[in-house]
Amino acid sequence: MSSSPTVRTARRRTLRVAAAALTAAAALALTACSGSDAAGTKPAGHSDKDMAAAGSSGTNSSAKAQGSDAPPSPGAKADAKADAKAGAAGKQSGGAPAADGGRAASPVRTQRLADGISKAEIYKLGDQRYRAKIVARGAVLATLETKGHDDGLDANDMFVTLTLDGQVHSWMGGGHQGPGTFKLAGGWTAKVTKVGELRYRAQIIGHDGVAATLEANQHDVGLDANGVYIVLSSGGVISAHE
């Protein structure tokens with residue numbers, strides 16, 4: 001009867017030790033699980049800042065590789081400037097017939113015209129290419145130019161022609177108002193027709209039929225017909241002189 005309390009005390013101590021062991025084991029298991037989760041979410045040796053920096057660097061590298069927002073390199077800028085200068089130089093050179101844009105520096109000669117007031121300043125621009133400025137009292141009134149053909153002008157009933165060889169001829173009066181058919185100097189006949197507004201056509205007819213055709217399209221025209229000089233104006237007036 002006296003040994004029963006001793007046995008109960010031993011059993012209680014055994015239960016307490018077992019409970020404490022179970023608690024410690026549970027704590028260790030939780031710590032191990034927590035450490036495993038942490039190891040799975042972050043690479044070893046990398047902090048949160050390192051991960052953020054790595055993500056930012058990857059985004060910028062991708063953008064630069066695609067070239068969407070990447071600024072041009074210094075070499076590209078230099079090439080662009082060189083191309084721009086070359087383009088500007090090409091525009092300035094332009095293939096002009098003369099160094100001053102197709103205009104001769106000084107006239108090859110000056111010639112007094114039929115009205116006794118104005119004169120023609122004749123410039124040579126190239127082979128069979130001449131320009132004549134009609135000047136009166138220091139002002140340029142009109143300009144004639146040969147571009148593969150003769151040119152002409154009706155300057156208030158003074159008619160002027162400029163030929164392919166740079167010769168200027170002028171006379172006063174003798175105009176006929178077209179449309180119509182008119183006898184001209186040198187035995188020529190002119191058949192003048194109206195084609196449109198400020199546009200007339202003249203067929204120059206000789207013994208063998210139509211020898212030449214003049215067409216004034218908002219610009220007077222002229223012709224050297226074997227020493228007979230003919231002008232057709234954009235208003236349909238035709239005149240000839242030999």
Contacts of S233 that satisfy side chain to side chain contact (heavy atoms under 4.5 Å, CB included) - sequence neighbours left out: D154, D220, V237

Could you work out, with side chain to side chain contact (heavy atoms under 4.5 Å, CB included) as the rule, every residue matching D115, not counting sequence neighbours? L113, I117, S118, M158, M172

In this structure, which one of I238, V221, D224 forms a side-chain contact (heavy atoms from CB on, under 4.5 Å) with I230? I238

Shared hydrophobic cluster for Y200 and L223 (ILVMFWY, side-chain gaps under 4.5 Å): yes

Are V135 and I122 joined in one hydrophobic group, where the rule is that I, L, V, M, F, W and Y side chains link up if heavy atoms are under 4.5 Å apart? no

Contacts under 3.5 angstrom, residues 181-198 side chains, donor-acceptor by atom type, not counting sequence neighbours:
unit_1: K183; atom_1: NZ; unit_2: T189; atom_2: OG1; d: 3.4

Should side-chain heavy atoms under 4.5 Å link Ile, Leu, Val, Met, Phe, Trp and Tyr, which residues sit in the same cluster as L141? none

Report the hydrophobic cluster partners of L164, with the cluster defined as I, L, V, M, F, W, Y residues connected by side-chain heavy atoms closer than 4.5 angstrom, directly or transitively. none

Residues passing the side-chain hydrogen bond (donor to acceptor under 3.5 Å, both in side chains) test with E121, sequence neighbours excluded, are Y123

Not counting sequence neighbours, which residues clear side-chain hydrogen bond (donor to acceptor under 3.5 Å, both in side chains) with T163? List them please. D165

Among pairs that include at least one residue of residues 208-219, which meet salt bridge (Lys or Arg N to Asp or Glu O under 4.0 Å), considering only residues two or more places apart or in two chains? R199-E215, R201-E215

Nearest heavy-atom neighbours spanning A216 and L232: CB-O, 3.9 Å

Closest non-hydrogen contact found for V231 with V160 is CG2-O, 3.6 Å

Sub-3.5 Å donor-acceptor pair from the side chain of T146 to the main-chain atoms of G166, do we have one? no

Test side chain to side chain contact (heavy atoms under 4.5 Å, CB included) on E145 and R129 and set out the steps. CA-CA 7 Å; E145 188 170 328; R129 186 174 178 189; 2.7 Å; yes

What pairs meet the ring pair (Phe, Tyr, Trp, His ring centres under 6.0 Å) rule with one or both residues in residues 202-242, with sequence neighbours excluded? H169-Y229, W171-H241

Any pair counted as ring pair (Phe, Tyr, Trp, His ring centres under 6.0 Å), so long as it reaches residues 125-156, sequence neighbours left out: none

If you measure from [atom1] on [X] to [atom2] on [Y], what distance do you get to the nearest 0.5 Å?
| X | Y | atom1 | atom2 | value |
| --- | --- | --- | --- | --- |
| L162 | D150 | CG | CG | 7.5 Å |
| F159 | S170 | CZ | OG | 11.5 Å |
| L125 | R131 | CG | CZ | 4.5 Å |

